[in-house]
Amino acid sequence: MDKIEEEIAAHNGNLEESSSTKDGSICGYESLHHLLSVNLKPHLYKEVSRLLIGLNCGKPLELIALPEAAKALSSKHDFDLQAFSFDADKELLREPQVVRVGLIQNSVALPTTAPLLDQKKAIFQKLKPIIDSAGASGVNILCLQEAWMMPFAFCTREKRWCEFAEPVDGESTRFLQEYARKYNMVIISPILERDVNHGETLWNTAIIIGNHGNIIGKHRKNHIPRVGDFNESTYYMEGNTGHPVFETAYGKIAVNICYGRHHPMNWLAFGLNGAEIVFNPSATVGELSEPMWPIEARNAAIANSYFVGSINRVGTETFPNPFTSGDGKPQHADFGHFYGSSHFSAPDASCTPSLSRYKDGLLISDMDLNLCRQLKDKWGFRMTARYELYADMLARYLKPDFEPQVISDPLLHKKSL
Ligand SMILES: NC(=O)NCCC(=O)O
């Protein structure tokens, strides 16, 4: 083979590799961790894992053995099922506070051209075995993905999708309330909300259902994206619920919905209100955000001494009418690939491997909430934070006559010597 032939062969090889990602896999592998575990020698994989996902209490995360019933549901319904355990150090005065937490990622069940009610019902059907698997595994707190009861239609800017919106006590909530009661489970249900008492306005809302099936409260998405195809401001406004933390039977939880993860102060505010676990139900695509995905939540967990559960949709959702991204590129009828990769991050900088990049999945993790205070004591971020400096800076910044505090090198403005 001469040099040119070699180059052509290499080019074709590259094409083959990249085309295999059309199914959502990474060159045929479900996730980065899967790719590494298959291709690295065990001692190298161990070392790469240590650097990539950290150690918890000085050791790799342990796997949890799940009941056969939970595993059988994952085999039968072909969803990824993984389970890990975050430890904390033993304390002399406090018992461990271990909770079992679950995250569900899923693709939609029917094409977006199907009748809306059928689409919603089919998603309910699809979720049933995954929720049952969480229930069989003894999950205490379960979180679903952003706007789980509909396709993520906000790219289209078409108002017909508003019909998916439901009041807080609507059919999606009623569907999940039964499971909350059945499995004594807290469930976080992020939906497109219609607020009937306030002029039928729409919101992007997470409803917190208590383990007795009661509605504890709701949080509305604080930050609305205006990036790429994420034209969500066409549908709803910035949330008006602040940064609530919900005290549940299993711990203090909060929800930072999707695009809010790019705003460190949003994460901070949930932490200041005392959250021990913050969920980040999301819908985001590879081309836009994948390099950010493993970093932002993990950083928030470290900076705020709490656990984070990150969830992303899976699959490609194609819409009847093409739309543009306002970037001069051709019109298209889908967002691109929602890359799943849901995972947990812990305050000690460790995190779980991610769920599949293309399959539905349930990720379960035991977490000893004592780890939150242990990391606060160790690093003292709350004590060293200098909030008064930031409060002062923000107060000045918000004034119309704000001037940035910039000290210029006086030589910059002198004529050349
Ligand atoms: N749903 C949503 O807020 N998506 C925005 C895209 C991103 O933040 O990656």
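Start at 1 and go down the list; that is how both ligands and their atoms are numbered.
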With heavy-atom distances below 4.5 Å as the criterion, would you say the side chains of M367 and V99 are in contact? yes
Compile the donor-acceptor pairs under 3.5 Å between side chains in residues 371-380 and protein atoms, sequence neighbours left out, one pair per line.
residue	atom	partner	partner atom	Å
Q374	OE1	D89	N	3.0
Q374	NE2	D89	O	2.9
Q374	NE2	E91	OE2	2.8

Hey, does the side chain of D87 reach the backbone of N56 with a donor-acceptor pair shorter than 3.5 angstrom? no
Let me check something: any side-chain donor-acceptor pairs from residues 60-72 under 3.5 Å, sequence neighbours excluded? List them with distances.
residue	atom	partner	partner atom	Å
E68	OE2	K71	NZ	3.3

Pocket residues of ligand 1, ordered first by chain and then by residue number (heavy-atom cut-off under 4.0 Å): E146, F152, K221, P225, F230, E232, C258, Y259, R261, H262, A283, T284, L288, S289
Contacts satisfying side chain to side chain donor-acceptor pair (under 3.5 Å) that involve residues 113-123 (not counting sequence neighbours) are K120-E166, K120-E171, K121-E171
Please say whether the positively charged group of K159, taken as NZ for Lys or CZ for Arg, lies over the ring of Y235, i.e. under 6.0 angstrom from the six-membered ring centre and within 45 degrees of the axis. yes
